[in-house]
Amino acid sequence: MNRISLGDASLTNILARQGAALRTQVQQASIEVSTGRPTDLAKTLRGDVSPVLAIDATLARLSAFKTTAADAALHAAAQQSALSGLSSLADGITATLLGSRDFPTPAQVDTVAADARGRLESAMGLLNTQASGRAVFSGTATDTVPLGTSEALLAALETAATGAITSGQVAAAVAGWFADPLGYAAFYQGDASLAPAPIAPGETADLGTTALDPAIRASLQGFAMAALLDRGILAGNPEERGRLAQRAGEELLTSEDARITLAARIGTVEGRIETARTRNAAEETALGILRSDLGSVDPYEAATRLETARAQLESLYLVTARVSRLSLVEFLR
Amino acid sequence: MSITFALSSALSGLSVTSRQAEVLSSNVANASTPGYVRREVGLRSAEIAGVGQGVAVTGILRDVDRQLLAERRLAQSGDGDRGIRAGFLQRVEQAIGTPDSTGSLAARLAAFDQALVEAAGRPESQARLQGILTTARSLTDGLASASDDIQTARANADRRIAEEVGKLNASLARLEEMNGEVRSLSAAGRDISPLLDERQNLIDQISSILPVREVARDLNQIALFTGGGAMLLEGSAAVFGFSSTSTVTPEMTQALGGLSGITINGKPYDTTGTASPFLGGTLGALFTLRDDLAVSAQGKLDATARDLVERFSAAGLDPTLAPGAPGLFTDAGGAFLPGNEVGLSARLRVNPAADPEAGGALFRLRDGLGATSEGPPGNGTLLSALHGALTSTRPLGSTGFTPGVRSFAALTGDLMSDAASLRLAAEADQSFAAARLTALTDAEAENSIDTDQEMQALLVIEKNYAANARVIQTVEEMIDILIRLGA
C-alpha cells in the first residue's frame, strides 16, 4: 500500500532517539575532554590490551626497583664509608708504628699501643655500622652486628698467644688466630654473604662483602697486634715490644693494597647501582610517555567532537520545537 | 416510493458517518497507545428493501502490515539474543578488570610482582614480607571474585530462564484462550479489533523470548511455531518445562548434571547447536550464556589460576618443601591436582604456612614454606627465586588458552585482551541487531496514527454528515410540498 500518511510516533521516536544519541556523544566527549582518557580504552586499542598492561606492569616493577636500588645504594655507601674510615684509621698510625723500634723511650711504645687499641675499637665500631637498621658487614644475618667487643677480641688473642715470648711468636699466634676457622671466623657473628640485590630488571648488585673479607681481616690483625701491647703482652721486654709494634705497622701497610682493592670493588658496585637508577628513571619516563600516548585522547580532537555534538544537539532541539507545532489541529479553529 | 428511499439512503449515510467518527475518535485517542493498530471503517453500497440505494459498514478493518510485523518480531528476538550475550561479556570484562581499573587482575598482579622485588631487596623487612602476603591474597581474591561474578551470572541466567519459561507458558495459554474468544466473537459478528490488538501484543512479547512464526488459520485463528520449527500453539498451547537451580557452582553443567535442560510437553529438546529450536531469542541466549559463554570464561580464569599455582609449586623452587606439597598458592589449602582444574580460581588460597592469621609465619616466605625455624633475616635467595618463577616463561598446563610459553603477566594480558575483544565483538553484533530493530520499529511507527490525516478525515466526515443532513431536510421540504398539494 502506498501511504501518504506518516504516523506521529515515527517523528517522536526519531527525535527522541537522535536526542539520546547526541546526548551520549556530548557526555562521552566531555568526559574525554576533562579526563584526557578515552571512555573505552579497550575499544581504542581494538581489544588488545596487552601492550598497555605490559607497560603498567613494567612501571610497577620499576617503582619496586627504585626502592630496592635505593636500599642497595645505601648499603654500598655504608660499606664504603666504613671502609674509608678503616683506611684513615690505619693511615694515621702506620708510620708511627713502623718507626717504633727507633723510639728513644719504651714509654712511647706504650703511647702508640694505647692509640692502636683506641683505633681497634673505632675500627670494630665502623664495621658494626648499621644502615637503616641493617648491619652491613654481617651477610644475611642483618639483624646482628658482625663483631663483638674489642675487649673480647683481645682476650681471645691473649689466650692464643699464651706462652709466646718473642715478637715473632706473638705475631704468628695472632696471624694463626685470624686464619683459624675456630678463631676469627668463629668470632664473626654474621652469616653467609648476602644474595645479590635486584636493582633493575634482570640486573643485581653484589653486596656480599662481610667482615670476613681478607682486607678487613688483615687490617684488624694489624690493629690488634699493636693493641695487644697495651694489654701488657711481652711486658718487661722493651726490645721485643718495639719489634711487635713494628710488625703491626708492617701488617697495616701491606693490608693497604687489599683495602684499596676492596674499596674499588664496592665503588664499582656503587657505580653500577647509580647507572641502574639513572637507567630505571629514564625508562620510567619513556614508558610513562608511551603509556599516556596509548591511553589518552587527542584533546583537540575530543574538544572538536564535543563542539560538533553540542551544535547538532542545539539544532535538534530547535527542529523538535518547530516540528511539534506543526499540527493540523492548531490550524483547524 | 423513491422519496422514502432517498430518506433511507441519507439516513444510512448519517449512520455510517457517525460510525466513521466513532472509529476516528478511537484512533485519535489511541494515537500513542503501544500496540494499537489503526482502524478504518469498511464501506460498501447497500441495497434498501430490494430496490433502494444506501451505504453500509462492512466491518472495521485493522490496518496491519504482516510482512513488516514478522520482520520486526524477528529483529526483536535477535536484539534480545545479542543484548544478553553482550551484557554478559561486559560483565566478564568488568569482573576481570580493564587496564584503567585499579582492581583489575593485571593491577593486582603488578602489585604482587612489585612486592616480591621489594622484599628480595630487603628480605629482613617484615613490612615487605607482609606486602607479599597482602598482594598475594589480593591476587587470589581478584580471581575468586571474578569467578564468583561469572557463577552469579550463570545462576541469574538459570533463574531468568525459569522466568522466561513461566512467561512463555502463561502467554501461550492466554493465546489459546484468545483464539477461542476470537472465534465466538467473530461468529457473532462483533468487532474483534481490540482482541486482535491484544493477541498481537502477546505474540510480540513471546517474540523477544523466542523467534516465532505466525500462521493464519480459518476463522481468524492463528498457529505459532518457533523459528526452528517447534510447535508452540496449534489449537492447544505447548507447555514448556524447566526447573531452576538455586546455587550454581563451576562444576555444574547441563551435560555433566546439576543444571536443567528444557522440555516441550514433556519431551526434552536441545538447547544449543543447530538442532535446537529455541535459538535466536533471549531464551536461547540465556542457555548459551549458562552453558557455553560462562563456562568458557570460567575455564580461562581457571587456566590462569592453575598456571599461578603450578609456577609456585614447581619442584626445586623451594627446597624446604616436600615433593608434591602445595607451594605459595594452594587449592583450598591443599596441593593442586591437575584433574581439579574446574573452579580452581574460586578455591585459590595463599598457603596458610605463610599467613600469621592462619597460624603460619611471615618468615616462611623468605626461608621456605617448610622451614621450621627462622633463618638469617637477610636471606633473599628464595624471594628472588619466587620472583623468577612468576616472571619466567613456561608452557601452559591447561587447555583453556592456545598453547605456548608465557610469563604469568603475559597470560593475564591474554586473559584480559580476550575478555575485551569478545566484549567488543559482542557489542558490535548488538549494535547491528539494535539498528535493525530500530529501523523496523521506525517503519512500523510510520504506519501508526497520523493525527493530521485523522483531522483531514474528520473534515470529510463533517462535510458528509452535513450533506446527508441537508438531503434529509430537502426530502422533508419535498414531502411538505406534497402534503400541501393534498390539502
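Every chain is numbered from 1 and lettered A, B, ... according to where its sequence line falls, protein lines coming before strand lines.
- If you take CG on A:Asp71 and OG on B:Ser125, they are separated by 8.5 Å, rounding to the nearest 0.5 Å.
- In B:Phe401, the CZ atom is crowded: over 12 heavy atoms of neighbouring residues, nucleotides or ligands sit closer than 6.0 Å.
- Most heavy-atom pairs under 4.5 Å with chain B, from the set A:Leu45, A:Val52, A:Leu41: that is A:Leu41.
- Within residues 13-32 of chain A, the residues that have a heavy atom under 4.5 Å from a heavy atom of chain B are A:Asn13, A:Ile14, A:Arg17, listed by number.
- Between chain A and the options B:Ala443, B:Pro376, B:Ala119, B:Gly413, the largest number of non-hydrogen pairs under 4.5 Å is found for B:Pro376.
- B:Gln114 and A:Ser63 share a side-chain donor-acceptor pair at under 3.5 Å.
- Proximity to chain B is limited to the side chain of A:Asp191, based on heavy atoms less than 4.5 angstrom apart.
- Top candidate by heavy-atom pairs under 4.5 Å with chain A, chosen from B:Gly375, B:Ser448, B:Ala425, is B:Ser448.
- Nearest heavy-atom pair, B:Met455 versus A:Leu328, reported as atom, atom and distance to 0.1 Å: CB-CD2, 3.6 Å.
- Rounded to the nearest 0.5 Å, atoms NZ (A:Lys66) and CD (B:Glu118) are 11.0 Å apart.
- At a 4.5 Å heavy-atom cutoff, the contact between B:Thr381 and chain A is made by backbone and side-chain atoms alike.
- To the nearest 0.5 Å, atom CG of residue A:Leu194 and atom CZ of residue B:Arg122 are 10.5 Å apart.
- Distance CG/B:Asn379 to OG/A:Ser193: 11.5 Å, rounded to 0.5 Å.
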Can you list the steps and then say if A:Asp40 with B:Arg423 is a side-chain contact (heavy atoms from CB on, under 4.5 Å)?
CA-CA 11 Å; A:Asp40 189 347; B:Arg423 189 263 298 175; 2.7 Å; yes
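- The minimum heavy-atom distance linking B:Leu424 with A:Ala42 is given by the pair CD1-O, 3.5 Å.
- When heavy atoms are compared at a cutoff of 4.5 Å, B:Asp452 approaches chain A by way of both its backbone and its side chain.
- Enclosure of atom CD in B:Gln67 is not indicated, since only 12 or fewer non-hydrogen atoms of other residues, nucleotides or ligands lie within 6.0 angstrom.
- Taking every heavy atom of both residues into account, A:Val49 and B:Ala420 meet most closely at CG1-CB, 4.4 Å.
- Residue B:Ile449 holds its CD1 atom at 13.0 Å from OG of A:Ser10, rounded to the nearest 0.5 Å.
- Note that the CG atom of A:Asp8 and the OG atom of B:Ser32 stand 9.0 Å from one another [nearest 0.5 Å].
- In this structure, no portion of A:Ile199 lies under 4.5 Å from any heavy atom of chain B.
- Of all non-hydrogen atoms in B:Asp100 and A:Pro38, the two that sit nearest each other are OD2-O, 4.4 Å.
- Between B:Val117 and A:Thr68 there is a side-chain heavy-atom pair separated by less than 4.5 Å.
- A pairwise comparison of heavy atoms in A:Ser50 and B:Ser417 identifies OG-OG, 3.1 Å as the closest pair.
- Interface summary for chain A: among B:Ala120, B:Ala445, B:Gly121, the most heavy-atom pairs under 4.5 angstrom belong to B:Ala445.
- Contact record, B:Gly378 with A:Thr142: N-OG1, 3.7 Å, taken as the closest heavy-atom pair.
- Neither the backbone nor the side chain of A:Ser138 comes within contact range of chain B; no heavy atoms are under 4.5 Å apart.
- Interface check for chain B: of the options A:Leu207, A:Leu326, A:Thr67, A:Val329, the most heavy-atom pairs under 4.5 Å are formed by A:Thr67.
- Of the two parts of B:Glu454, neither the backbone nor the side chain holds a non-hydrogen atom closer than 4.5 Å to a non-hydrogen atom of chain A.
- The residues B:Arg108 and A:Asp56 are annotated as not salt-bridged, no charged nitrogen and carboxylate oxygen being separated by less than 4.0 angstrom.
- Proximity to chain A (any heavy atom under 4.5 Å) is restricted, for B:Leu459, to the side chain, taken from C-beta onward.
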